[in-house]
Number of protein chains: 2
Amino acid sequence: MLALSLWMRNLESCRFTATMGSELTETETSSDEVAPTLSAVAKRAGVSSITVSRVVRLPDLVAPETRARVEKAMRELGYVPNLVAGALASAKTNSVGVLVPTIANSIFADTVQGLSDKLEPLGYSVILAQSRYDAAREDRMLAALLSRRPEAIIMVGSPATEDGKRLLRHARIPIVETWELPIDPIDAVAGFDNYEAGAAVARHFIAQGRQHLAFIGGDDPRGTRRWLGFQDHALACGLHQPRRLILERNASGSVAAHANLPGVDAVFAANDAHAIGFMAGLRKAGLLRDGPAAAQPVAVVGLGDLEMGRLISPSLSTISVHGDAIGRTAATLTLERGGQRRIDLGFELVLRDSG
Amino acid sequence: MLALSLWMRNLESCRFTATMGSELTETETSSDEVAPTLSAVAKRAGVSSITVSRVVRLPDLVAPETRARVEKAMRELGYVPNLVAGALASAKTNSVGVLVPTIANSIFADTVQGLSDKLEPLGYSVILAQSRYDAAREDRMLAALLSRRPEAIIMVGSPATEDGKRLLRHARIPIVETWELPIDPIDAVAGFDNYEAGAAVARHFIAQGRQHLAFIGGDDPRGTRRWLGFQDHALACGLHQPRRLILERNASGSVAAHANLPGVDAVFAANDAHAIGFMAGLRKAGLLRDGPAAAQPVAVVGLGDLEMGRLISPSLSTISVHGDAIGRTAATLTLERGGQRRIDLGFELVLRDSG
DNA sequence: ATTGCGAATGACAGCGCTAACATATGGCGA
DNA sequence: TCGCCATATGTTAGCGCTGTCATTCGCAAT
C-alpha cells in the first residue's frame, strides 16, 4: 500500500482515482472472470502501465527493483500479455502468413517445419492456411491472411489468379513464393527449377538407353513445369513423344497406372508417393527387380526424397529438393528486405535402384 | 461530393473536419502509403464507419443501395479489413492455436489438415506452433499462443509440465487434447487409447504364436503408453518380458534395429516409418518374405496407416488411427462448449502381409 | 551555482475497429 | 392524428496496448 500511495501522488484525474477503487477490489477478490490487463498488473505493482509494458518488452529500461516488483505482480495475477492489443498499438503483429496447397502427407510439411523453426524463436507466429489446390479457396485464404496483417506471406507457388497477385502486391509486405522460380515474382523467391528437374530426369533416362518415357502425377503448376522440362528434353533428344498420365492426388491411383502405359520403359513420377505406388503396380505385374536400376524393366524416378524411398526395395531414385531449406530460406527472406531476393536452392538427382 | 456534404451536416468537431481535408487529399492522390481504413472507405462512400463495418460483417442490415456504394468504395480503395483491430474491439480473434510436436514427416499433419479444413471455412485462422518434443519449447509456444488470445487451443497430447497445464486452465477457453485419452483432461479430448493399441498388437502376435516380442520407437508419452499396453498384455499372457528399443525420431535408425533384437520374432513399431525402416533391415538380413504374415520370420506391425504401407511389399500391417478424424473432431469440440467432451475415435488393427 | 545529461518513470493520445445505445424515417393500425 | 414498430443509419466510448513526448532526480562538468 505504501508503494501505491506514493504512486497516487501523481494522479489528478478524479475519474481515474475513482475507478481505481473498484478495480482494486476486483484484483483483491482475485477475480478469474477476466484476464488481467497491463494496468491491473501496474496497479498491483504500484507503477504505471507503461512500466509494465517495458518490463515485458524492454526490461533493460526498468530499474531492477521495479522490475522485480512488476514481475511479482505479473506472476501473482497470472498475467498473459495481449498481443492483439499490442499489435494494434505498435502496428506489428509478429506473425507471418503461410499458404500451402496441403499439409497432410506432403513434402510441404518440411517447408512449414523449416520456416517455423526459424521464425518461432524470433517471436513470430505462423498463421497457416491451406488452398487445397483450389484457386478460389486460395484467394479467400490470402484475403483472410492479409486481414490479420502478417509481417510477411510465404506461399508455395504463385497465386493462381490475378486477383490473388494484386492482393499480395498491394499488401506492401514481403511476399515469398517458394517451390518455383517464377519469371515475374511478386517479391522474393526461394525455390528450384521444376522445368530443369524434369529435364534432368529425361536426360538420365536417355543416358540409360530408355526409349519410351512417361510422366505421372498431378497437373498443378509445378507438376506441369516438370512435365514440360521432361517432355521438351525427350523430344529434343529425338525420342518419341513421352506419355503423360494425370493422377489423383493420393497415390493409390498410381498403382494401376502402368496398365495405361503399355510399352513404357521409364517413368518420372511427380512425387515419391506416386513413384512408390507405381512400383507397387509394377511389382504385381512382375516388372520389378530387387537388382540395380539397369535391371529394371521399367525405370522409376520420383521427386521429394522421402525417407521411405531409401528404405524400400528396390530403393527409389528421386529428385531430392530440400523442402526444409526452402522453408528456412523463405523465413530468412521475410526478415531481411534487402539483399538477394531470388534464391535457387537447386535439386539433386539421387540415383538408387529403381531407375 | 453531394453525399459527402450531406454527411458533413452531422459533424461538429473542428478537429475532425480539419483532418478530413487532409485525409481526402490522401484518398484522392490514391495514396498507397498506408492501408485504407474503415473510415477512409466510409468517407469515400459518404457513410459512417459503422455502416462500412456492417457491410463487411452484417450486410443484411444495410440497404442494398448503400451497400453497393460502400462495396464500390472498398473495391476502389482496395480495402482489406483489419482483423487485429476488429479482434481487439470485439474480444473475438476468430483464431485457434494448434500445438503439435512436429509437422514434418508426421501423421500429425493429417490432424492439422483435418481441423483446418473444418475451421477455415468458418472464418477461423489456425495459428500453428511446434514443440519439437521439447517441454520448455512447448511451454514457450503455449504462452505465445495464448498471448494471441485464440478462441481455443488444440494440442497433440497433454502439456508436459505443470506450468503448461496451469497456463491452459487459466486461459478460460476450450482446450482440446488429442491423440490420447488423458485421465484428468484439462477440458476436451479427441483421441484413442494408446495403451489398448499396444495391447491389441500384443494380443495379435500371441494369437499368431509369436514368442519373443519387441517394441521399437520413441519414448514420448504416447509411445510409452503403447509400450506399456504391449508389455503388460504380453506378460499377462505368460510371454517373456518384451524388449524395448528407443530410437531416434527419424526412421533410418530402425534399419539397423534388428541387429539389437536377436531372437525376436515379432516387432511393434511405434509408427509406420519405423516399421518400414525396420523391414528394410530385415530385408537386408534375408528375413523378409513377400508371402503372407504367417510366412514372415519376424512379424512387423506399425502404427499410423500411411498410404505407403499399403503399397510396399510385403504390405504393412498397422494400427490405423484416423488422424484426420481426430483433427475434425477436435475442431468440433472447440466450437461447441457443451455436449460430450471426451471422444474416443478408436483405432483398427489392419492386418496385411508384414505381420 | 548553474548547466547538462543519462536513467527511470509517467501522461497522453490513438491504433482501427465494434458493442451498445441513440436517432431519423416511414408505414400502419387504432 | 397519434403512437408504435421495423428499418436504416449514426454517435459514443472504449478494447489493451505502445509511440512519443514529458518529467523528475541525482550527479558530474563547467
Side-chain angles (χ1 to χ4, degrees), chain A residues 3 6-13 15-17 19 23 34-43 45-70 77 79-94 147-149, chain B residues 3 6-13 15-16 19 23 34-43 45-70 74 77 79-94 147-149:
Chain A
L6 276 171
W7 171 72
M8 282 176 67
R9 274 187 323 190
N10 296 319
L11 297 176
E12 293 115 14
S13 155
R15 192 198 125 265
F16 197 16
T17 38
T19 59
E23 282 178 58
V34 230
T37 64
L38 252 198
S39 64
V41 176
K43 206 156 297 164
V47 296
S48 74
S49 40
I50 190 71
T51 298
V52 181
S53 176
R54 287 196 185 105
V55 169
V56 174
R57 298 176 304 135
L58 312 156
D60 293 345
L61 293 185
V62 180
E65 314 82 65
T66 315
R67 191 157 72 213
R69 219 165 60 244
V70 170
L77 291 176
Y79 175 65
V80 177
N82 184 332
L83 253 51
V84 177
L88 181 60
S90 67
K92 285 205 79 221
T93 54
N94 283 295
S147 62
R148 297 197 183 264
R149 296 289 188 272
Chain B
L6 276 171
W7 173 72
M8 282 175 66
R9 274 187 324 189
N10 296 320
L11 295 178
E12 293 116 15
S13 156
R15 193 199 123 262
F16 197 17
T19 57
E23 281 178 57
V34 232
T37 65
L38 252 198
S39 63
V41 176
K43 206 157 297 164
V47 296
S48 75
S49 38
I50 191 70
T51 299
V52 180
S53 175
R54 288 195 185 108
V55 168
V56 173
R57 297 177 303 135
L58 313 155
D60 293 346
L61 294 185
V62 180
E65 313 83 65
T66 314
R67 191 159 72 213
R69 219 164 60 244
V70 170
M74 295 200 303
L77 291 176
Y79 175 65
V80 177
N82 184 330
L83 253 52
V84 177
L88 180 60
S90 66
K92 284 205 78 217
T93 55
N94 281 295
S147 62
R148 297 195 184 264
R149 296 291 189 271

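Given the structure is predicted, the values throughout are model-derived calculations rather than measurements.
- Contact annotation: B/T51 side-chain N/O to D/dT9 OP1/OP2 distance is not under 4.0 Å.
- Under the side-chain hydrogen bond (donor to acceptor under 3.5 Å, both in side chains) criterion, no residue pair touches residues 79-91 of chain B, with sequence neighbours excluded.
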Show every donor-acceptor pair shorter than 3.5 Å between a side-chain atom in residues 53-60 of chain B and any protein atom, with sequence neighbours excluded, or say none if there are none.
unit_1, atom_1, unit_2, atom_2, d
B/S53, OG, B/R57, NE, 3.1
B/S53, OG, B/R57, NH2, 3.1

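- Formation of a donor-acceptor pair under 3.5 Å by the B/T37 side chain with backbone atoms of B/A40 is found in this model.
- The separation between B/K43 atom NZ and C/dC17 atom P is 12 Å, rounded to whole Å.
- The CZ-P distance, from B/R67 to D/dT9, rounds to 10 Å in whole Å.
- Taking 4.5 Å as the limit, every side-chain heavy atom of B/L38 sits out of range of all side-chain heavy atoms of B/K43.
- Scanning for side-chain contact (heavy atoms from CB on, under 4.5 Å) contacts around B/A63 gives B/E65, B/T66, with sequence neighbours left out.
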Taking only nitrogen or oxygen atoms into account, show me every contact under 3.5 Å that the protein makes with nucleotides 4-8 of chain D, one pair per line with its distance.
none

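- When the side-chain contact (heavy atoms from CB on, under 4.5 Å) test is applied to B/T93, the partners found at least two apart in sequence or on another chain are A/V84, B/A87, B/S95, B/R149, B/E151.
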Would you check, one step at a time, whether the test side chain to side chain contact (heavy atoms under 4.5 Å, CB included) holds for A/R67 with A/L61? CA-CA 9 Å; A/R67 191 157 72 213; A/L61 293 185; over 6 Å; no
Tabulate atom names and distances for all N/O pairs under 3.5 angstrom spanning the protein and nucleotides 15-19 of chain D.
unit_1, atom_1, unit_2, atom_2, d
D/dC15, O2, B/A89, N, 3.2
D/dG16, N2, A/A85, O, 3.3
D/dC17, OP1, A/Y79, OH, 2.7
D/dC17, OP2, A/L38, N, 2.7
D/dT18, OP1, A/R57, NE, 3.2
D/dT18, OP2, A/S53, OG, 2.2
D/dG19, OP2, A/R57, NH1, 2.9

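- With rounding to the nearest 0.5 angstrom, the CG atom of A/L83 is 4.0 Å from the OG atom of B/S147.
- Annotation: the terminal axes of the helix from C/dA1-D/dT30 to C/dA30-D/dT1 meet at 50°, where each axis is the rotation carrying the C1' atoms of four end pairs onto the next four (5 pairs per end, rounded to 10°).
- Here the closest non-hydrogen pair linking B/V70 and B/V41 is O-CG1, 4.1 Å.
- The shortest distance between side-chain heavy atoms of B/N94 and A/R148 falls below 4.5 Å.
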